[in-house]
Novice: 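I have a structure here, written as structure tokens, and I will follow up with some questions on it.
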Amino acid sequence: MAIPSEVGYWSTYYDTNDEPEATRILNAASRLPALVVFDLDYTLWPYFCDCRSENESPVLYSQAKGVIQALKSKGVLMAIASRSPTANKARTFLSKLDLLSSFSVMEVYPSWSDKTDHFQKIHQKTGIPYNSMLFFDDEDRNIQAVGHMGVKSVQVHNGVNLAALKAGLQKFAGTENMEPQGRRVRPESMAGCLEMAEKTNVDTD
């Protein structure tokens, strides 16, 4: 798998102050979802968390934190739906990023159901209808499966960012033009996983 150039690669993961622009996008939306659900690996952060050490300092995609902060400020509930086998590590990473309290529900466990089980449990715990949810994930099979449940779903190609947020809100409101495009950056093997882990092993403290 080809790795992006150093300059482009690192700029994708440096935290930036995008909350004001994310808030502007939310304010411009004709309607907001009651609940926004995020995948973790290659959606909020650029790696498989089970490939990483729990002792390191995790990083997010650069615009992801601003999107989360803006949603929280607007009073939009958020949840996590991840098929990661390392739920404790995922919680540790979110805690280190000061984001754990942002999510009302966390469904993190391995599954063969393309996350339909995750969403059934999220629905049971929140009482929020599927058609009042918006979902971001990097895997098309999850997008398709959850979409059949009535959840408006957006596939991200380089993590959650402002363009993905805008596309998601447009899709939720039924005014979408097209989803954000781009080359999907995610390894499909353990070797690729380890290679990407080495590239993203940065101390953010």
Side-chain angles (χ1 to χ4, degrees), residues 29 31-52 60-61 64 67-68 71-72 76-94 99-161 163-176 178-182 184-190 192-193:
R31 57 191 291 253
L32 296 178
L35 178 71
V36 175
V37 185
F38 297 99
D39 172 43
L40 289 176
D41 297 338
Y42 291 95
T43 299
L44 288 186
W45 48 52
Y47 40 74
F48 294 112
C49 72
D50 52 310
C51 289
R52 312 305 297 263
L60 296 173
Y61 285 103
V67 170
I68 292 170
L71 287 166
K72 186 175 182 178
V76 178
L77 296 179
M78 289 176 283
I80 295 293
S82 172
R83 292 189 297 137
S84 171
T86 53
N88 288 339
K89 190 182 296 184
R91 288 179 177 275
T92 297
F93 279 11
L94 289 170
L99 291 176
L100 188 59
S101 64
S102 298
F103 302 102
S104 301
V105 179
M106 286 189 62
E107 295 297 323
V108 184
Y109 50 85
S111 169
W112 295 103
S113 69
D114 298 327
K115 299 196 178 173
T116 53
D117 286 348
H118 294 71
F119 273 80
Q120 288 171 3
K121 291 182 179 180
I122 289 171
H123 169 62
Q124 291 168 2
K125 291 178 178 179
T126 64
I128 295 173
Y130 295 124
N131 61 7
S132 295
M133 300 180 186
L134 176 61
F135 177 46
F136 295 95
D137 195 293
D138 70 304
E139 288 196 82
D140 182 64
R141 60 175 174 166
N142 296 326
I143 295 295
Q144 296 300 322
V146 173
H148 290 151
M149 301 174 77
V151 179
K152 296 297 184 182
S153 305
V154 173
Q155 183 180 13
V156 299
H157 301 278
N158 290 288
V160 167
N161 54 30
L165 174 64
K166 185 174 182 179
L169 293 172
Q170 289 175 341
K171 189 168 187 176
F172 184 79
T175 60
E176 77 272 18
M178 63 178 63
E179 292 189 11
Q181 300 298 308
R184 184 164 173 251
V185 181
R186 175 177 182 166
E188 298 299 338
S189 66
M190 182 59 71
C193 170

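All residue numbers refer to positions in the sequence shown, counting from 1.
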Novice: Report yes if the side chains of L44 and L99 come closer than 4.5 Å at any heavy-atom pair, otherwise no.
Specialist: no
Novice: In the structure I gave you, are the side-chain heavy atoms of V160 and Y61 within less than 4.5 Å of one another anywhere?
Specialist: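 In short, these two side chains do not touch, never coming nearer than 4.5 Å.
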Novice: At what distance, to the nearest 0.5 angstrom, does CG of L32 lie from CG of L71?
Specialist: 8.0 Å
Novice: Taking all heavy atoms of S104 and all of L77, pick out the closest pair and write down the distance.
Specialist: OG-CD2, 3.6 Å
Novice: Can you list the steps and then say if L94 with W45 is a side chain to side chain contact (heavy atoms under 4.5 Å, CB included)?
Specialist: CA-CA 10 Å; L94 289 170; W45 48 52; 3.9 Å; yes
Novice: For C49 versus D41, what's the shortest heavy-atom pair and its separation?
Specialist: N-OD1, 3.1 Å
Novice: Just verifying a value: how many Å separate K152 NZ and F136 CZ, rounded to the nearest 0.5 Å?
Specialist: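 So the gap between those two atoms works out to 13.0 Å.
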Novice: Atom CG in L165, atom CD in Q170: separation rounded to 0.5 Å?
Specialist: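 Spacing of CG (L165) from CD (Q170) equals 10.0 Å.
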Novice: Give a yes or no on whether the backbone of L100 and the side-chain of R91 come within a donor-acceptor separation of less than 3.5 Å.
Specialist: no
Novice: Within the distance-only criterion (no hydrogens, no angle test), does the side chain of K171 pair as donor or acceptor with the backbone N or O of S153 below 3.5 angstrom?
Specialist: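 It does hold such a pair.
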Novice: Distance-only criterion, 3.5 Å: show the donor-acceptor pairs between side-chain atoms of residues 126-133 and protein atoms not counting sequence neighbours.
Specialist:
| residue | atom | partner | partner atom | Å |
| --- | --- | --- | --- | --- |
| T126 | OG1 | I122 | O | 2.8 |
| T126 | OG1 | I128 | N | 3.2 |

Novice: Is the shortest heavy-atom distance from the side chain of P33 to the side chain of L35 under 4.5 Å?
Specialist: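 No, side chains not in contact.
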Novice: Hey, could you give me the CZ/NZ distance between R52 and K89, rounded to the nearest 0.5 Å?
Specialist: 9.5 Å
Novice: Give the minimum heavy-atom separation between A90 and L40, together with the two atoms involved.
Specialist: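 Looking at all heavy atoms of both residues, the closest pair is CB-CD1, 3.7 Å.
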Novice: Among T43, N161, D39, which one satisfies side chain to side chain contact (heavy atoms under 4.5 Å, CB included) with V156?
Specialist: T43
Novice: What residues, two or more places apart in sequence or in another chain, satisfy side chain to side chain contact (heavy atoms under 4.5 Å, CB included) together with A145?
Specialist: D114, T116
Novice: Are the side chains of C51 and Y47 in contact, using a 4.5 Å heavy-atom criterion?
Specialist: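 Counting from C-beta outward, Y47 and C51 never come under 4.5 Å.
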Novice: Pairing donors with acceptors under 3.5 angstrom, does anything connect the side chains of S113 and S111?
Specialist: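 Per modelled atom types, S113 and S111 side chains form a pair under 3.5 Å.
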Novice: Within the 4.5 Å heavy-atom criterion, are K115 and V37 side-chain neighbours or not?
Specialist: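 A side-chain contact under 4.5 Å is absent here.
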Novice: Classify the ring geometry between Y42 and F48 as parallel (under 30°), tilted (30 to 60°) or perpendicular (over 60°).
Specialist: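 Plane angle over 60°, so perpendicular.
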Novice: Under the salt bridge (Lys or Arg N to Asp or Glu O under 4.0 Å) rule, what pairs show up with a residue in residues 117-136, not counting sequence neighbours?
Specialist: E107-K125
Novice: What is the distance from atom CD of Q155 to atom CG of D137, rounded to the nearest 0.5 Å?
Specialist: 8.0 Å
Novice: Are the side chain of H118 and the backbone N or O of Y109 linked by a donor-acceptor pair below 3.5 Å?
Specialist: yes
Novice: Measure the spacing between CZ of F172 and CG of L134 and express it to the nearest 0.5 Å.
Specialist: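 That separation rounds to 7.0 Å.
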